[in-house]
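Presented below is the structure to which this report refers.
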Amino acid sequence: MKKVALAFDLGGTELRAALVSEEGNLLSFSVVPTHAAEGPAAVIQQIELLAAAVLAQTPDLSPVGIGIGAPGPLDPEAGIVIAAPTLAGWHEVPLADILSSHLQLSVRLENDANAAALGEWRYGAGRGARSMVFVTVSTGIGGGVIADGRILHGRRGLAAEIGHMTITNEGERCFCGAIGCFEAVASGTALGRRATACTRQFDGSALRRLSANADVTGRHVVEAARRGDALALELLDAEARWLGIGFTNLLHLYSPDILVMGGGISHGFDLLQEAMTATIRNRAMPAYRDVPIVPAQLGRHAGLIGAASLVLGSEE
């Protein structure tokens, strides 16, 4: 009998589920918008309904357990979502126990960024590495650290809040309340905010044309840069330098074999790479300069595949 796991990726926007094989392949998949504003009971009901839908697609397969990636902060050992900012009313919710009771399967809970890191480490760009740092650059900046063959959890699973390293004392205030967080200056949101500030509605710029004269996003900047737009290329150069500063900190802190960059902005990795690596060469101590910085391979399924690995026994 094929060994499979039921995996969930719980986000503030989407709830995604899949049946995943030991080889990291998705055998069935389903996605629905998350009822994030309706509280834990409504979302847990969604998870149960989605579980039934995914299992119905492969009636001949029975999962050995459930792995779920959810927004932090959370406690993976206790299986508790502590206070997810993107899910209304989620405070100290014992999600693993609730799902185990309702679905009659063992449940492993993990921070969503850690789950994606596990996916890339076991099945993606980090295969074969003993130590790896995974950074996702999208709406915010998150990540996970594999240290000596294990996910780094820290106290209550709160380690590696990469996006909230302070890397400057200037700029916009982060949603966490601080000024100068890595996320506040280098996320896709920050890139889009800078692009919006540099342009005006109906100014005829490539960025405003791509955004249909609404606010510009980081993805618009990447797309315009691919078309050779000078302003977009200038904005990406600044973005690459901020990323290089943050990545230098991560190299010094964790000394990984490889650093993997995922998230929406990683679609512009080839456009960012030269300035990122130049920044790292200028700032990192010599022993850290040769660590490969590479794009993620699993795309939006990294979190699902990593969550499945929690119960398939491949996270060790």
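Residue numbers count from 1 along this sequence. All values below come from the heavy atoms of this structure, side chains included, with hydrogens, waters and symmetry mates left out.
- Between the S131 side chain and the D148 main chain, a donor and an acceptor come within less than 3.5 Å of each other.
- Between the side chain of H252 and the main chain of M285, a donor-acceptor pair closer than 3.5 Å is present.
- A donor and an acceptor atom, one from each side chain of T199 and R208, are located under 3.5 Å apart.
- Closest approach of V54 and A17 over heavy atoms only: CG2-CB, 3.7 Å.
- With contacts defined as side-chain heavy-atom distances shorter than 4.5 Å, the pair E239/V221 does not qualify.
- A salt bridge does not link R219 with E223: every distance from a Lys NZ or Arg NE/NH1/NH2 to an Asp or Glu carboxylate oxygen is 4.0 Å or more.
- Heavy-atom contacts from other residues, nucleotides or ligands closer than 6.0 Å to CD of E234 number 12 or fewer.
- I44 and L105 fall within a single hydrophobic cluster, where Ile, Leu, Val, Met, Phe, Trp and Tyr side chains are chained together by heavy-atom contacts under 4.5 Å.
- Not a single donor-acceptor pair under 3.5 Å links the side chain of H102 to the backbone N or O of L99.
- The local environment of CD in Q45 is sparse, with at most 12 non-hydrogen atoms from other residues, nucleotides or ligands closer than 6.0 Å.
- Considering only residues two or more places apart in sequence or on other chains, H153 meets the ring pair (Phe, Tyr, Trp, His ring centres under 6.0 Å) condition with none of them.
- Remark: R283 CZ is loosely packed, at most 12 non-hydrogen atoms of other residues, nucleotides or ligands lying under 6.0 Å away.
- For D237 (side chain) and L233 (main-chain N/O), no donor-acceptor pair under 3.5 Å exists by modelled atom type.
- E48 places a side-chain heavy atom less than 4.5 Å from the side chain of L103.
- Enclosure of atom CD in E274 is not indicated, since only 12 or fewer non-hydrogen atoms of other residues, nucleotides or ligands lie within 6.0 angstrom.
- Within 6.0 Å of CZ in R289 there are more than 12 heavy atoms belonging to other residues, nucleotides or ligands.
- Residues E170 and T168 have side chains that never bring a donor and an acceptor to within less than 3.5 angstrom of each other.
- Side-chain atoms of R194 do not come within 3.5 Å of backbone N or O of A238 as any donor-acceptor pair.
- Side chain of S309 to backbone of G306: a donor-acceptor contact under 3.5 angstrom is found.
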